[in-house]
Novice: 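Please find one structure pasted underneath; my questions will follow.
Quick caveat: nothing in here was measured; it's all calculated off a predicted structure. Below, each value reflects all heavy atoms present in this structure, side chains not excepted, and no hydrogens, waters or symmetry copies.
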Amino acid sequence: MDLGRLRALDAVATYGSVLAAADALHITPSAVSQQLAKLDRETGTRLLERDGRGLRLTDAGHILADHAARVLAAVDEAESALAAYHQDVTGTVTIAAFATACRGLLPRALAELAGKHPQLTTRIAETNPYEAMDALIRGRADVAVADDWPEIGLVLPDGVAHVTLGHDRADLIVPSGHRLAGAPAGPLARAVGERWIASPPGTICHDWLLRVLPGVRPDFLVGEFETQQTLVAAGLGVALVPRLARTHTVPGTAVVAVDPVPTRRVVVAWRKATEVRPALGATVAALRTAWSDRATA
């Protein structure tokens, strides 16, 4: 059976539709349909059937899709093993990372990779940790850089390995004239009655805030921490900002230490099937160096 046709079937099984599979494979829906029609003929089996306006896998389709996933994983392992044999840091590595890592870590890491391994092509997909793990397990990313708050506990999928880069502390940011400006370190709960500026729902930072301060209902939902701080400077509320996201103190704001200190773990994850690939090892090493350089700067 042709691997391209098995990839098409696997993508439909994974993403649930021909259109979504085409998007994941970066080909047209027509090309996916043609691959599946050829696979039908090749196997002498009907693998998909109409379901309203869409298509769904038949029982036979589910059986073959399960086997296709294992075949493609084996191909992944074989390609990685061959790359390891040659010890060439080549090919393409796609890194899915949360926004502050894209700004605070990846420029240093990618510059190191470009200097040491000019044959390697790197790509970035900025996304939250939930989506990064999904992209990793589906093969849309080779490496995921994610933040993990202990009160939330990011779930790492089966077949994924990881290392911890380090821990990133967070501080309360208030307007410079705020009652807490200049106050000694204290519990985060003392700001529970304030107007809050926070990350949008569906992000791990938003989930964390509502977990530790269940009475808070943020008035401003903003994804970029830099923008959150400008809103704080305008006197519109307070925000909790990790230090990786804070390269400087925005004029008009004050930094208030929190005790106990809110801390998130920053991890790098990859599929175990590809861990012998030299390009993967080089990427993880560059990220670790970037974190170390930042920590000692």
Novice: With distance as the sole criterion, is a donor-acceptor pair present between the side chains of R265 and T164 under 3.5 Å?
Specialist: yes

Novice: Enumerate the residue pairs fulfilling ring pair (Phe, Tyr, Trp, His ring centres under 6.0 Å) with a member in residues 163-205, sequence neighbours excluded, ordered by first and then second residue.
Specialist: none

Novice: To the nearest 0.5 Å, tell me how far L36 CG sits from L6 CG.
Specialist: 10.0 Å

Novice: Do the non-hydrogen side-chain atoms of L209 and V216 ever get within less than 4.5 Å of each other?
Specialist: yes

Novice: Report yes if the side chains of V32 and Q35 come closer than 4.5 Å at any heavy-atom pair, otherwise no.
Specialist: no

Novice: Does atom CZ of R123 have more than 12 heavy-atom neighbours, drawn from other residues, nucleotides or ligands, at distances under 6.0 Å?
Specialist: no

Novice: The test is side-chain hydrogen bond (donor to acceptor under 3.5 Å, both in side chains); show your working for S30 and Q34 and say whether it passes.
Specialist: CA-CA 6 Å; S30 175; Q34 289 174 22; 3.2 Å; yes

Novice: To the nearest 0.5 Å, what is the distance between OG1 (T92) and CG (L120)?
Specialist: 7.0 Å

Novice: Decide, yes or no, whether a salt bridge links E194 with R179 under the criterion of side-chain N to carboxylate O below 4.0 Å.
Specialist: yes

Novice: Within the supplied structure, the quantity of interest is the number of heavy atoms (other residues, nucleotides, ligands) at a distance under 6.0 Å from L19 CG; does it exceed 12?
Specialist: no

Novice: Working to the nearest 0.5 angstrom, can you tell me the gap between L287 CG and T289 OG1?
Specialist: 9.0 Å

Novice: Grab the two heavy atoms, one from S176 and one from A181, that are nearest each other, plus how far apart they are.
Specialist: O-CB, 3.4 Å

Novice: Can you list every ring pair (Phe, Tyr, Trp, His ring centres under 6.0 Å) pair that touches residues 206-225, not counting sequence neighbours?
Specialist: W149-W208

Novice: Is the closest side-chain heavy-atom distance between E126 and R103 below 4.5 Å?
Specialist: no

Novice: Could you go through the side chain to side chain contact (heavy atoms under 4.5 Å, CB included) check for V222 and L231 one step at a time?
Specialist: CA-CA 10 Å; V222 179; L231 294 174; 3.7 Å; yes

Novice: Salt bridge (charged side-chain N to carboxylate O under 4.0 Å, His left out), that's the test. Do D168 and R264 meet it? Break it down for me.
Specialist: CA-CA 5 Å; D168 186 26; R264 62 178 177 174; 2.9 Å; yes

Novice: Can you measure from CD (Q229) to OG1 (T247) and round to the nearest 0.5 angstrom?
Specialist: 7.5 Å

Novice: Roughly how far, to the nearest 0.5 Å, is the OG1 atom of T127 from the CZ atom of F98?
Specialist: 12.0 Å

Novice: Applying salt bridge (charged side-chain N to carboxylate O under 4.0 Å, His left out), run through D293 and R108 and close with a yes or a no.
Specialist: CA-CA 9 Å; D293 288 348; R108 299 182 193 190; 5.3 Å; no

Novice: Does D158 CG have over 12 foreign heavy atoms under 6.0 Å away?
Specialist: no

Novice: When you check the gap from the basic side-chain N to the acidic O, do D10 and R5 get nearer than 4.0 Å?
Specialist: no

Novice: Assess whether side-chain hydrogen bond (donor to acceptor under 3.5 Å, both in side chains) is satisfied between R169 and T263, documenting all intermediate values.
Specialist: CA-CA 4 Å; R169 297 184 172 193; T263 304; 4.8 Å; no

Novice: Would you say the side-chain atoms of D40 pair up with the backbone N or O of L47, donor to acceptor, closer than 3.5 Å?
Specialist: yes

Novice: Does V250 reach the side chain of E226, with side-chain heavy atoms less than 4.5 Å apart?
Specialist: yes

Novice: Side chain to side chain contact (heavy atoms under 4.5 Å, CB included) for V284 and V163? Distances and angles first, verdict last.
Specialist: CA-CA 9 Å; V284 174; V163 294; 4.1 Å; yes

Novice: Would R138 and D134 count as a salt bridge (charged side-chain N to carboxylate O under 4.0 Å, His left out) if you check the C-alpha gap in whole Å, the side-chain angles of each, and the deciding distance to 0.1 Å?
Specialist: CA-CA 6 Å; R138 293 175 185 268; D134 183 67; 2.7 Å; yes

Novice: Would you call P218 and L210 a side-chain contact if the rule is heavy atoms closer than 4.5 Å?
Specialist: yes

Novice: Determine, stepwise, if the pair E275 / R271 fulfils salt bridge (charged side-chain N to carboxylate O under 4.0 Å, His left out).
Specialist: CA-CA 7 Å; E275 63 187 2; R271 293 187 304 281; over 6 Å; no

Novice: Assess whether side chain to side chain contact (heavy atoms under 4.5 Å, CB included) is satisfied between I173 and V238, documenting all intermediate values.
Specialist: CA-CA 6 Å; I173 309 299; V238 302; over 6 Å; no

Novice: Kindly compute the distance separating CZ (R294) from CG (L165), expressed to the nearest 0.5 Å.
Specialist: 10.5 Å

Novice: Taking transitive links into account, so neighbours of neighbours count too, which hydrophobic residues share a cluster with I63 at under 4.5 Å side-chain distance?
Specialist: none

Novice: Do T43 and L64 come within less than 4.5 Å of each other through their side chains, counting heavy atoms only?
Specialist: yes

Novice: Quick check: closest heavy atoms across V258 and P187, and the distance to 0.1 Å?
Specialist: CG1-C, 4.3 Å

Novice: Do other residues, nucleotides or ligands put more than 12 heavy atoms under 6.0 Å from R288 CZ?
Specialist: no

Novice: Is T122 reaching over with its side chain to a backbone N or O of L110, donor-acceptor style, under 3.5 angstrom?
Specialist: no

Novice: Hydrophobic clustering (ILVMFWY, side-chain heavy atoms < 4.5 Å, transitive) - are V89 and I124 grouped together?
Specialist: yes

Novice: Could you go through the side chain to side chain contact (heavy atoms under 4.5 Å, CB included) check for D142 and L136 one step at a time?
Specialist: CA-CA 6 Å; D142 302 294; L136 183 64; 5.7 Å; no

Novice: Measuring only between side-chain heavy atoms, which start at C-beta, is L180 closer than 4.5 Å to L172?
Specialist: yes

Novice: Taking T28 for the side chain and A31 for the main chain, is one N or O donor matched with an acceptor at less than 3.5 Å?
Specialist: yes

